[in-house]
Amino acid sequence: MNIFVAGLSYQINDADLKELFEEYGEITSAKIITDRETRRSKGYGFVEMADEDGQRAIEELNGAEYDGRTLSVSEARPRAEGDRPRNNRGGGYGSRERRY
């Protein structure tokens, strides 16, 4: 199960996130999402673990306080086909016509 965790303190790292979820079962991966340019945490991350353990973690951690912040924990939704990252500034000519 892939779990989305929002409301994280900007000081939390991957190891902290993993430690938070370890009491609910074995963690396959724990990743804090960071800004590509600044490398600063965006305040959310993803945790992968077994479905039954993940469901229990979601139920117990959603709305809980961690490091002074209230967590929002839910099952991650897969990206819809065609979804692009929001920071995609495009490229090429876009709507501008090329004139010679």
Test item: Leu71 and Asn62 side chains (from C-beta on) under 4.5 Å apart, heavy atoms: no
Flag if over 12 foreign heavy atoms under 6.0 Å of CD, Glu60: yes
Arg40 to Tyr10, cation-pi by 6.0 Å centre distance and 45° axis angle: yes
Value rounded to 0.5 Å, distance of CZ in Phe4 from OG in Ser72: 6.5 Å
Spacing of CG belonging to Leu17 relative to CD1 belonging to Ile32, to within rounding of 0.5 Å: 4.5 Å
Inter-residue atom distance Met49.CE - Thr28.OG1, 0.5 Å rounding: 8.0 Å
Smallest separation among heavy atoms of Ser9 and Ser41, with atom names: O-OG, 4.3 Å
Non-hydrogen atoms of Ile27 and Glu22 that approach each other most closely: CG1-CG, 3.9 Å
Close side-chain approach of Ile12 to Tyr66, heavy-atom, < 4.5 Å: yes
Stepwise side-chain contact (heavy atoms from CB on, under 4.5 Å) check, Glu75 with Asn2: CA-CA 6 Å; Glu75 185 170 356; Asn2 195 10; over 6 Å; no
Reported CG-to-CD1 distance for the pair Leu8 and Ile33, which is rounded to 0.5 angstrom: 10.5 Å
Smallest separation among heavy atoms of Ala6 and Tyr44, with atom names: CA-CB, 3.9 Å
Carboxylate-amine/guanidinium proximity below 4.0 Å for Glu52 and Arg56: no
Straight-line distance of Glu26 CD to Asp53 CG, nearest 0.5 Å: 9.0 Å
Any donor-acceptor N/O pair, Asp51 side chain to Met1 backbone, under 3.5 Å: yes
Straight-line distance of Asn13 CG to Glu19 CD, nearest 0.5 Å: 9.5 Å
Validation row: Asp35, Lys42 side chains within 4.5 angstrom (heavy atoms): yes
Val5 side chain reached by Phe21 side chain, heavy atoms, under 4.5 Å: yes
